[in-house]
Amino acid sequence: MLIDALVAGHPRAGDVLYTRLIRVIEWSICRVLGQQSTEREDLVQATFEQVVTTLYRNTFARGCSLTSWAAALSSRLALTELRTRKRQRRHFGQPVEILDLPIAAQDRDAEAQAATRQALQQMRTALAEIHPDNAEVLVLRELSELELPEIAQLLNLSMTATYTRLSRGKKELAERLALLAEDRS
Amino acid sequence: MKEREPPSPLQLLKTSEPLPLTPTAEAARRQRVVENIDVLRANLHAEQQQRAARPFALAQTLASRSILASRSLLASQSSFAARGKWAVAAALPLAAELGVVLTQLRQSTTFECGRR
């Protein structure tokens with residue numbers, strides 16, 4: 001209904017689309033990149049642009065929900081941004097990592113806060129290092145909490161391929177985290 | 001008994017919540033995003049219409065191209081024929097000259113042989 005109104009050029013459709021999707025887009029970006037990401041606004045804008053473009057060009061899988069589609073697009077953009085940050089850090093040594101702290105951890109003592117920050121940073125570094133296809137499935141399953149059949153539909157994959165990517169992503173992530181912990185110690 | 005799956009390390013990232021914007025900032029963002037969506041929709045709508053009109057334009061282009069192609073083929077054929085004529089016209093006197101020279105050469109050789 002909303003999709004048809006949007007494509008038909010209904011004047012209020014853009015506003016309704018914003019209301020419907022802003023929350024899921026913000027959460028997806030925030031979980032991958034962190035609370036204080038400087039690119040948050042740009043990525044929100046880019047996700048909305050991609051949603052609208054895919055709706056017009058009929059590349060949206062209508063079998064899945066619009067919110068899941070938005071979650072998939074925003075997660076992909078956020079993961080790309082995470083990898084770009086990592087490359088920039090490696091090549092230019094830019095201190096682009098902003099160490100945010102979950103609200104739940106803000107009332108803990110300084111040592112616990114530092115440990116949480118470090119764990120978050122390691123997690124994001126590991127996520128940026130694993131294969132992009134596997135990372136995408138992993139984020140959609142673990143962070144956006146989508147079901148495997150829906151992820152398969154969103155990414156136009158078979159169930160077997162989706163499950164394989166998820167398993168490989170988990171394995172890769174565990175390996176990277178172990179390596180990072182080893183480096184640290 | 002079903003084995004319980006260990007918690008994913010990514011669970012930690014789920015604790016990150018987007019910091020809420022002030023009502024003014026939120027309203028400004030909504031306005032900016034919706035305006036951009038509307039501009040994009042207008043562009044995509046124009047693109048769609050252009051795409052819908054494309055088959056007709058393509059047919060016209062192809063038709064004109066086929067006319068042009070046949071014209072250029074004719075032109076190349078006629079220019080080839082003209083060039084052929086010129087080549088034959090230039091080659092004939094040369095061949096005649098060569099024939100005369102060869103005949104004279106043969107006669108002189110025969111005479112020289114007979115004298116011996």
Side-chain angles (χ1 to χ4, degrees), chain A residues 6-19 21-23 25-37 40-41 44-45 47-53 55-57 100-105 116 119-120 122-124 126-127 138-139 141-145 169-170 173-174 177, chain B residues 1-70:
Chain A
L6 198 83
V7 177
H10 194 280
R12 280 207 16 89
D15 196 52
V16 175
L17 186 78
Y18 179 88
T19 311
L21 300 182
I22 186 64
R23 191 177 149 79
I25 289 173
E26 267 206 314
W27 276 78
S28 305
I29 293 168
C30 175
R31 283 175 173 174
V32 176
L33 290 177
Q35 289 166 327
Q36 295 170 20
S37 165
R40 177 172 145 185
E41 296 307 307
V44 165
Q45 182 65 55
T47 308
F48 273 109
E49 281 173 13
Q50 285 209 356
V51 169
V52 174
T53 308
L55 291 182
Y56 266 87
R57 292 189 178 152
D100 60 341
L101 198 63
I103 292 164
T116 310
L120 277 168
Q122 281 191 346
M123 191 69 65
R124 291 193 173 112
L127 200 56
L138 190 64
V139 163
R141 179 72 197 104
E142 303 286 337
L143 296 184
S144 299
E145 296 178 337
K170 280 181 181 173
L173 186 73
L177 284 172
Chain B
M1 199 175 127
K2 196 180 171 185
E3 198 182 335
R4 215 176 140 188
E5 208 175 314
S8 164
L10 282 176
Q11 293 298 316
L12 187 62
L13 292 183
K14 281 173 77 174
T15 54
S16 289
E17 292 171 26
L19 294 174
L21 298 176
T22 61
T24 324
E26 173 55 34
R29 181 174 71 176
R30 173 185 283 267
Q31 195 187 350
R32 195 173 55 248
V33 171
V34 172
E35 272 174 11
N36 284 335
I37 289 174
D38 289 342
V39 170
L40 183 65
R41 283 167 67 199
N43 289 341
L44 289 167
H45 188 67
E47 188 187 284
Q48 256 185 349
Q49 283 187 328
Q50 219 172 12
R51 206 180 302 155
R54 202 173 289 164
F56 177 67
L58 185 67
Q60 274 189 328
T61 314
L62 285 176
S64 65
R65 269 189 199 164
S66 69
I67 290 166
L68 283 176
S70 59

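The structure presented is a predicted model; accordingly, all values stated were derived computationally and were not measured.
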How far does [atom1] of [X] sit from [atom2] of [Y], to the nearest 0.5 angstrom?
X	Y	atom1	atom2	value
A:Y56	B:L40	OH	CG	8.0 Å
B:I37	A:Q45	CD1	CD	7.0 Å
A:E26	B:L21	CD	CG	6.0 Å
B:L44	A:L55	CG	CG	9.5 Å

Fill in: Carboxylate-amine/guanidinium contact A:R57 B:E47, below 4.0 Å
yes

Discussion item. Applying side chain to side chain contact (heavy atoms under 4.5 Å, CB included) to B:V33 and A:E41, what does each step give before you reach the verdict?
Written reply: CA-CA 9 Å; B:V33 171; A:E41 296 307 307; 6.0 Å; no

Which answer fits [X], side chain, backbone, both or neither, if we ask what part of it has an atom under 4.5 Å from a heavy atom of chain B?
X	answer
A:L143	both
A:Y18	side chain
A:L138	both

Discussion item. For the interface with chain A, which of B:Q31, B:Q48, B:E35 has the highest count of heavy-atom pairs at distances below 4.5 Å?
Written reply: B:Q48

Practice prompt. Let me know if B:R32 has heavy atoms under 4.5 Å from chain A in its side chain, its backbone, both or neither.
Written response: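 When you check distances to chain A, atoms from both the backbone and side chain of B:R32 fall under 4.5 Å.
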
Worksheet, complete the sentence: Nearest heavy-atom contact between B:V34 and A:G14 is CG2-O, 4.0 Å

Item to complete: Can you see which heavy atom on B:P18 is nearest to which on A:C30, and at what distance?
Response: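 Answer, listing the atom of B:P18 first, then A:C30: N-SG, 3.3 Å.
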
Most contacts with chain B, counted as non-hydrogen pairs under 4.5 angstrom, among [options]:
options	value
A:L177, A:L173, A:L6	A:L6
A:L17, A:V32, A:V52	A:V52
A:G9, A:A174, A:A126	A:G9

Could you tell me whether the side chain of [Y] reaches within less than 4.5 Å of the side chain of [X], counting heavy atoms only?
X	Y	value
B:L13	A:L127	yes
B:Q11	A:M123	no
B:K14	A:E142	no
A:I22	B:R29	yes

Worksheet item: With a cut-off of 6.0 Å (strictly less than), are more than 12 heavy atoms of other residues, nucleotides or ligands near CZ of A:R12?
Response: no

Item to complete: State whether the side chain of B:R41 and the backbone N or O of A:A8 hold a donor-acceptor pair below 3.5 Å, judged by distance alone.
Response: no

Discussion item. Could you tell me if A:E49 and B:N36 have a donor-acceptor pair between their side chains, going purely by distance under 3.5 Å?
Written reply: no

